[in-house]
Amino acid sequence: MRIDILTIFPEMCTGPLGLSIIGRAQETGLVTIAVHDLRQWSSDRHRRVDDEPYGGGQGMVMRCEPIFAAVEAMRTENSRVVLMTPQGRRMDQTLVQFFTGITHLIILCGHYEGIDHRVVEGLVTDEVSIGDYVLTNGAIAANIFTDAVVRLLPGVLGDERSAAEESFCEGLIEAPCYTRPPDFRGMKVPAVLVSGHHEKIAAWKQAESLRRTAANRPDLLPEQ
Ligand code: 6GU
C-alpha cells in the first residue's frame with residue numbers, strides 16, 4: 001500500500017508515523033507513506049493555501065488550486081482520495097477494514113474553517129471523521145486513520161492473531177490483562193489467570209468481556 005498525505009503541517013504526521021509499529025512497517029517496505037507540504041503546489045507569490053469565504057463568515061477557507069494540482073499530480077486509477085473532516089462518515093473498525101483493500105490512498109488534511117467544496121465534489125472519494133468532536137487540524141485525524149489502516153496490513157503486527165482477537169473484533173471489549181507481579185500494593189491478579197486452567201481462563205475472559213462491555217459500551221451489546 002502507498003499512502004500520500006497532503007497537509008500544511010507535514011511534521012505533525014512524519015513524527016508520529018515514523019515511530020513504533022508504523023515506522024517499522026515503513027522500514028520493512030510493507031507500506032510507503034509520503035507526507036507532502038501542500039504549499040509546494042501553491043502558485044501564489046506568498047504560497048498561500050487559504051482565502052476568505054464567499055458570502056462572509058468566520059475564518060478562512062482552503063483554496064481549490066493547490067489541492068487540485070497536488071492530487072492530479074499523484075493520483076492513478078487505483079487511488080482513493082480521503083478527506084479528513086468532522087463532517088465525514090464516522091470511522092469505525094468496519095470502515096478501517098474497507099481501506100486495507102486499497103492500494104493507493106491520498107489523504108487530504110483540512111484546516112481553517114473548511115475546504116472549498118469544489119474539492120469535495122471534484123476530487124474526494126471518501127469523507128472521513130474520526131469521531132464526534134472537533135480538532136484544530138485534520139493532520140491529527142490523518143495519523144489516527146493511517147495507524148488504524150496500516151496495522152491491519154499483512155505482516156505489520158508481529159503476531160497475526162493480535163489483529164483478529166482484539167477489541168471490537170467480536171463486537172465486545174476485551175477482557176482485562178495483567179502481568180507480574182502477582183500482588184502489587186495488595187492488588188492481586190485474578191486467581192483464575194494464574195491457575196493454568198485454560199477452559200476456566202477462557203470462560204473468565206468471556207464473562208469479563210461482557211461485563212466490561214455492559215459497563216463501558218452498552219451500545220455494543222446485541223439487542224435483547
Ligand atoms: Cl477528520 N478533522 C477535524 N479537524 N476534526 C475532527 C475530525 C477531523 N474528526 C473528528 N473531528
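Whatever order the structure lists them in is the order used to number ligands and atoms, beginning at 1. Quick note: numbers below take in every heavy atom, side chains included, and nothing from hydrogens, waters or symmetry partners.
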If you measure from each heavy atom of Val128 to ligand 1, is any distance below 4.0 Å?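 Yes; Val128 lies near enough to ligand 1 that a heavy-atom distance drops under 4.0 Å.
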
Kindly check if the number of other-residue, nucleotide or ligand heavy atoms within 6.0 Å of CD (Glu199) is above 12?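 Atom CD in Glu199 is not packed in, count stays at 12 or less.
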
Starting from [atom], which protein heavy atom do you reach first, and at what distance in Å?
{"atom": "atom 10 (C) of ligand 1", "answer": "Gly131 O, 3.0 Å"}
{"atom": "atom 9 (N) of ligand 1", "answer": "Ile130 N, 3.0 Å"}
{"atom": "atom 4 (N) of ligand 1", "answer": "Leu135 O, 3.2 Å"}
{"atom": "atom 1 (Cl) of ligand 1", "answer": "Thr85 N, 3.0 Å"}
{"atom": "atom 11 (N) of ligand 1", "answer": "Tyr133 O, 2.5 Å"}

So, using ring-ring contact (aromatic ring centres under 6.0 Å, His included) as the criterion, who are the partners of His36 when residues are at least two apart?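 Trp41.
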
Provide the number and element of each atom of ligand 1 under 4.0 Å from a heavy atom of Ala141.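 Contacts of ligand 1 toward Ala141, numbered from 1: 1 (Cl), 8 (C).
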
Donor-acceptor contacts under 3.5 Å from residues 60-76 side chains, at least two apart:
from  : atom 1 : to    : atom 2 : distance (Å)
Arg63 : NH1    : Arg48 : O      : 2.8
Arg63 : NH2    : Glu65 : OE1    : 3.4
Thr76 : OG1    : Asn78 : N      : 3.2
Thr76 : OG1    : Ser79 : OG     : 3.3

Relative to each other, are the rings of Tyr178 and Trp204 parallel, tilted or perpendicular (30° and 60° limits)?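 Judged by the thresholds at 30° and 60°, the geometry between Tyr178 and Trp204 is tilted.
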
Taking only Lys NZ, Arg NE, NH1 and NH2, and the carboxylate oxygens of Asp or Glu, determine whether Arg90 and Asp132 approach each other closer than 4.0 Å.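 Here Arg90 pairs with Asp132 in a salt bridge, since their nearest N and O are under 4.0 Å apart.
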
Student check: side-chain heavy atoms of Gln93 and Leu152 closer than 4.5 Å: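 A side-chain contact exists here, since the closest heavy-atom pair is under 4.5 Å.
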
I want to confirm something. Looking only at heavy atoms, which of Pro86, Gly114, Cys109, Ala139 is nearest to atom 7 (C) of ligand 1?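 That would be Pro86.
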
